[in-house]
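Down below is the structure, laid out as structure tokens.
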Amino acid sequence: MNIHQPASRPADDQAATLQRPTQAEAEDAIRTLLRWAGDDPSREGLLDTPQRVAKAYREWFCGYEEDPVELLARSFEEVEGYDEMVVLRDIRLESMCEHHMCPIIGKAHVAYLPNGRVVGISKLARVVEAYGKRLQIQEKMTAQIANTLLDVLQPKGVAVVIEAVHQCMTTRGVHKTGVSMVTSRMLGAFRDDPSTRREFLSMIQGSRGSGEG
């Protein structure tokens, strides 16, 4: 077993410099939105809503509390020479669109070619969640996951495919349902070797389909 310890970095450099409002300030902001929507936050059904919404926001955006680099810090070298593809597919993805703060719901497929060491598979899912539980656009999130895996694990290649439904598109605006967005990032062998890329895509093909939503 090897403990790989890359230099730690804030989960989000810009967010790390921001002063987080208090719980009371967050609840007051939610009451303002309720009044703006046309309702009375003092009525019985909404009395506890500000507290509930603030608590939900803590859960939806818990990715800001996670450092994806640290999640991958512990790796293992006792792999008996295993150097074939490692694929974790159908990772449930829940994120939030940074433009309208509407849910992005779908799944991620992550693969890497080990270069002498591997990481626990739960860590791959946690990296997806760490970047997902933030205000995001899907293109950036896909790149962040792939780039972090490449930087920390230093494998021969990394591949990430995300398929998701954006509720900013299905519940407002053009109101188009049954539409999913697919993004991918191929690095190293997955970009340079067509056969490696095809093998990965064939592995995830059986689970392909529209994202959940």
Side-chain angles (χ1 to χ4, degrees), residues 5-73 91-108 122-149 151-152 160 162-177 180-181 183 211-213:
Q5 295 181 320
S8 180
R9 65 187 182 196
D12 184 285
D13 291 338
Q14 185 175 4
T17 64
L18 299 178
Q19 180 68 38
R20 186 188 292 272
T22 65
Q23 178 81 11
E25 289 172 329
E27 292 180 16
D28 282 342
I30 295 161
R31 291 186 188 94
T32 298
L33 284 173
L34 290 172
R35 288 193 297 270
W36 183 85
D39 215 322
D40 178 7
S42 66
R43 71 175 176 85
E44 182 182 11
L46 293 178
L47 280 177
D48 294 328
T49 295
Q51 181 181 5
R52 293 190 187 105
V53 172
K55 181 179 179 181
Y57 267 54
R58 281 285 194 176
E59 182 176 345
W60 289 333
F61 300 115
C62 64
Y64 289 112
E65 307 293 335
E66 292 272 19
D67 183 349
V69 169
E70 287 299 313
L71 292 174
L72 297 171
I91 304 168
R92 168 78 174 183
L93 174 71
E94 299 172 358
S95 191
M96 198 75 76
C97 165
E98 67 181 35
H99 298 146
H100 299 97
M101 298 184 73
C102 291
I104 300 171
I105 307 295
K107 55 189 176 182
S122 68
K123 306 304 184 186
L124 300 177
R126 289 188 65 186
V127 169
V128 171
E129 181 160 288
Y131 282 118
K133 296 289 189 176
R134 305 180 185 193
L135 291 169
Q136 280 287 12
I137 64 171
Q138 186 173 326
E139 298 92 334
K140 180 176 75 172
M141 176 169 44
T142 306
Q144 287 174 325
I145 294 167
N147 292 344
T148 299
L149 292 173
D151 290 346
V152 180
V160 176
I162 293 179
E163 310 168 65
V165 172
H166 291 242
Q167 293 189 14
C168 60
M169 180 176 172
T170 63
T171 63
R172 58 160 300 282
V174 295
H175 289 275
K176 295 299 182 184
T177 60
S180 62
M181 180 175 176
T183 51
E212 300 175 30

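Residues take their numbers from the sequence shown, with the count starting at 1. Computed from a predicted structure; not experimentally measured.
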Could you tell me which residues satisfy side-chain hydrogen bond (donor to acceptor under 3.5 Å, both in side chains) with K133, sequence neighbours excluded, listed by chain and number? E94
Nearest-0.5 Å distance, CE of residue M96 to CD1 of residue I137: 16.0 Å
Run the side-chain contact (heavy atoms from CB on, under 4.5 Å) test against H100 and tell me which residues pass, sequence neighbours left out. C97, C102, C168, R172
Just how far is it from atom OG1 of T183 to atom CD of Q138, taken to the nearest 0.5 Å? 3.5 Å
Residues at least two apart in sequence or cross-chain that pass side-chain contact (heavy atoms from CB on, under 4.5 Å) with K55, listed by chain then number, are none
Looking at residues at least two apart in the chain, or sitting in another chain, which of them share a side-chain hydrogen bond (donor to acceptor under 3.5 Å, both in side chains) with E129? none
Are I105 and Q167 side-chain neighbours, meaning at least one heavy-atom pair lies under 4.5 Å? yes
With sequence neighbours excluded, what pairs up with T22 under the side-chain contact (heavy atoms from CB on, under 4.5 Å) test? A24, E25
Taking side-chain hydrogen bond (donor to acceptor under 3.5 Å, both in side chains) as the definition, give me every residue that meets it alongside T171, ordered by chain and number, with sequence neighbours left out. none
Gap between atom NZ of K176 and atom CE of M169 - 0.5 Å precision: 8.0 Å
If you measure from the Lys or Arg side-chain nitrogens to the Asp or Glu carboxylate oxygens, is any gap between E66 and K123 under 4.0 Å? no
By side-chain contact (heavy atoms from CB on, under 4.5 Å), D28 pairs with (sequence neighbours left out) R31
The side-chain hydrogen bond (donor to acceptor under 3.5 Å, both in side chains) partners of S42 (sequence neighbours excluded) come to D40
Regarding R134 and E98, does a basic nitrogen lie under 4.0 Å from an acidic carboxylate oxygen? no
Just by distance, no angles: are the side chains of T142 and Y131 close enough, under 3.5 Å, to form a donor-acceptor pair? no
So I104 and V165, do their side chains get closer than 4.5 Å, heavy atoms only? no
The single option from V160, L124, I91, L93 that satisfies side-chain contact (heavy atoms from CB on, under 4.5 Å) with I145 is V160
Name the atoms and distances for all side-chain donor-acceptor pairs under 3.5 Å in residues 43-54, with sequence neighbours left out.
from	atom 1	to	atom 2	distance (Å)
R43	NE	D39	OD1	2.8
R43	NE	D39	OD2	3.4
R43	NH2	D39	OD2	3.0

Residue list, ring pair (Phe, Tyr, Trp, His ring centres under 6.0 Å) with F61, at least two apart or on another chain: Y57
Can a side-chain donor-acceptor contact be found between S180 and E163 if the only test is distance below 3.5 angstrom? no
